[in-house]
> 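Following this message is one structure expressed as structure tokens.
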There are 2 protein chains.
Amino acid sequence: MIAGVPINRGGNTGEAGVTVLLTQLTKGIYRRTSEAELGMRLKDFVALAYMRAHSGISQHELGEAIGVDANNLVILLNELEETGWALRRRDPDDRRRHLVDVTSKGAAALAKAEGAITLVEDEVLAALSASDRATLARLLAKAMDRVPVGAAQN
Amino acid sequence: MIAGVPINRGGNTGEAGVTVLLTQLTKGIYRRTSEAELGMRLKDFVALAYMRAHSGISQHELGEAIGVDANNLVILLNELEETGWALRRRDPDDRRRHLVDVTSKGAAALAKAEGAITLVEDEVLAALSASDRATLARLLAKAMDRVPVGAAQN
DNA sequence: TATTGTTATACTCTATAACTATA
DNA sequence: TATAGTTATAGAGTATAACAATA
């Protein structure tokens with residue numbers, strides 16, 4: 001008791017939930033990366049990496065997948081087009097849609113950023129063995145395979 | 001080629017990196033939680049959960065662990081004290097420091113929020129078996145055990 | 001002189017709403 | 001009438017800098 005206010009004792013004192021751990025780990029990566037080292041912002045990296053893995057995806061689907069609202073994605077893709085890293089083209093089958101792709105120049109920038117990201121991941125995941133890291137990557141991929149991040153709808 | 005700009009073809013098209021996956025998963029959780037369902041904000045949850053697991057931790061250490069800058073932590077803890085969920089007291093051995101704790105009231109609110117968080121985690125991690133989830137939680141805890149998130153220093 | 005915490009402020013990121021065009 | 005994308009704006013979140021108290 002401090003000043004008459006009861007303090008929590010005992011009960012659940014360990015076992016941090018997945019949400020807390022994911023938050024910590026993600027923040028750890030974000031705080032250790034810098035635009036200078038990556039050659040791009042982390043949000044550029046995430047968008048380009050997803051676009052490379054899903055060539056010709058629609059702008060809308062991209063936003064759903066990486067959790068960026070449609071309006072913010074417009075701005076992000078504008079910037080990626082200005083740097084020459086990505087391209088939008090109209091979907092001939094549905095002229096409302098934009099199909100997005102990484103350019104060769106974007107792929108080169110992405111590859112460079114991946115080198116820098118790997119160093120950060122090595123640091124943040126230093127406590128894990130190579131086998132542990134492979135398992136972690138596999139489980140994360142499996143979890144994301146089914147469920148979209150879910151961008152807000154208008 | 002589109003308008004003379006070369007598109008990236010082939011090369012790395014799968015295997016999303018850990019950073020991208022962690023970003024997606026964490027965003028997925030954040031987007032699915034609401035203050036109404038949790039009874040608190042997610043940042044309150046993260047702070048309280050860490051404080052409960054590390055009773056009597058200093059304010060500075062808490063900020064390091066959960067990746068909240070010292071100035072923002074002041075505001076967050078002010079709010080947690082106003083709601084009666086946390087307490088600060090001076091460290092008698094070093095009167096510059098504040099030691100923080102979850103109150104019994106805070107522990108009750110935290111337990112309620114954990115119920116809501118668990119439902120969200122169930123949804124986001126639906127593709128994983130119970131065994132997979134346990135492994136994921138173990139690996140995340142192992143990774144975080146060593147490396148602090150690293151709040152910015154003044 | 002360095003550290004902990006605080007305050008004030010500026011900046012970035014994200015979300016909300018209204019609009020255009022296509023279906 | 002609904003969907004994809006855009007624009008403008010407001011709000012939340014986060015970082016930077018200067019300061020007070022204590023070591």
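Note that the structure is predicted; figures quoted are calculated from it, not measured. Lettering of chains follows the sequences in order, A, B, ..., and the numbering in each one begins at 1.
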> Taking CG from A/N72 and C1' from D/dT9, how many angstroms apart are they, rounded to a whole number?
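Going from CG in A/N72 over to C1' in D/dT9 covers 12 Å.
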> Measure the distance from NE2 on B/H60 to P on C/dT6 and round it to the nearest whole Å.
13 Å
> Considering only NZ, NE, NH1 and NH2 on the basic side and carboxylate oxygens on the acidic side, decide whether A/D101 and A/R89 come within less than 4.0 Å.
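Here A/D101 pairs with A/R89 in a salt bridge, since their nearest N and O are under 4.0 Å apart.
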> Can you list the residues that meet the salt bridge (Lys or Arg N to Asp or Glu O under 4.0 Å) rule with B/R41, with sequence neighbours excluded?
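Expected list: B/D44, B/E79.
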> Phosphate oxygens OP1/OP2 of C/dT4: is one of them under 4.0 Å from a side-chain N or O of B/R88?
no
> When you measure from the side-chain N and O atoms of B/H98 to the phosphate of C/dG5, is any distance below 4.0 Å, counting only OP1 and OP2?
no
> Calculate the interatomic distance between B/R97 atom CZ and C/dT3 atom P; express it in whole Å.
11 Å
> Could you pull out the protein-nucleic contacts involving nucleotides 21-23 of chain C (nitrogen or oxygen on both sides, under 3.5 Å)?
| residue | atom | partner | partner atom | Å |
| --- | --- | --- | --- | --- |
| C/dA23 | OP1 | A/R95 | N | 3.1 |

> Whole angstrom is fine here: how far is it from CD1 in A/I57 over to P in D/dA4?
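Result: 13 Å.
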> With a 4.5 Å limit on heavy-atom distance, are the side chains of A/H54 and A/L62 in contact?
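No, their side chains stay 4.5 Å or more apart.
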> For D/dA15 and A/R31 - does any side-chain N or O of the residue sit under 4.0 Å from the phosphate oxygens OP1/OP2?
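So the side chain of A/R31 is within the cut-off, an N or O lying under 4.0 Å from OP1 or OP2 of D/dA15.
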> At a cut-off of 3.5 Å, list every protein nitrogen or oxygen paired with a nitrogen or oxygen from nucleotides 10-13 of chain D, distance to 0.1 Å.
none

> With sequence neighbours excluded, tell me which residues meet side chain to side chain contact (heavy atoms under 4.5 Å, CB included) with B/T118.
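Only B/D122 meet the side chain to side chain contact (heavy atoms under 4.5 Å, CB included) criterion with B/T118.
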> Looking at DNA chain C, which of residues 75-83 of chain B put a heavy atom within less than 4.0 Å of it?
none
> Can you list everything that forms a side chain to side chain contact (heavy atoms under 4.5 Å, CB included) with B/E61? Sequence neighbours excluded, please.
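By the side chain to side chain contact (heavy atoms under 4.5 Å, CB included) rule, B/E61 matches B/I57, B/S58.
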> Could you tell me whether A/E114 and A/R52 make a salt bridge, using a distance below 4.0 angstrom between a side-chain N and a carboxylate O?
yes
> Atom CG of B/D69 to atom P of C/dC11: distance rounded to whole Å?
17 Å
> To the nearest Å, give me how far apart CG (A/L42) and C1' (C/dT12) are.
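It works out to 14 Å between those atoms.
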> Between A/T19 and B/E121, which heavy-atom pair has the shortest distance, and what is it?
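Smallest heavy-atom distance, with atoms named: OG1-OE2, 2.6 Å.
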> With a 4.0 Å cutoff (strictly under), does any side-chain N or O of B/R89 reach OP1 or OP2 of C/dG5?
no
> What is the distance from CD of A/E64 to P of D/dG5, rounded to the nearest Å?
11 Å
> Write down the distance between CD (A/Q59) and C1' (D/dT7), rounded to a whole number of angstrom.
13 Å
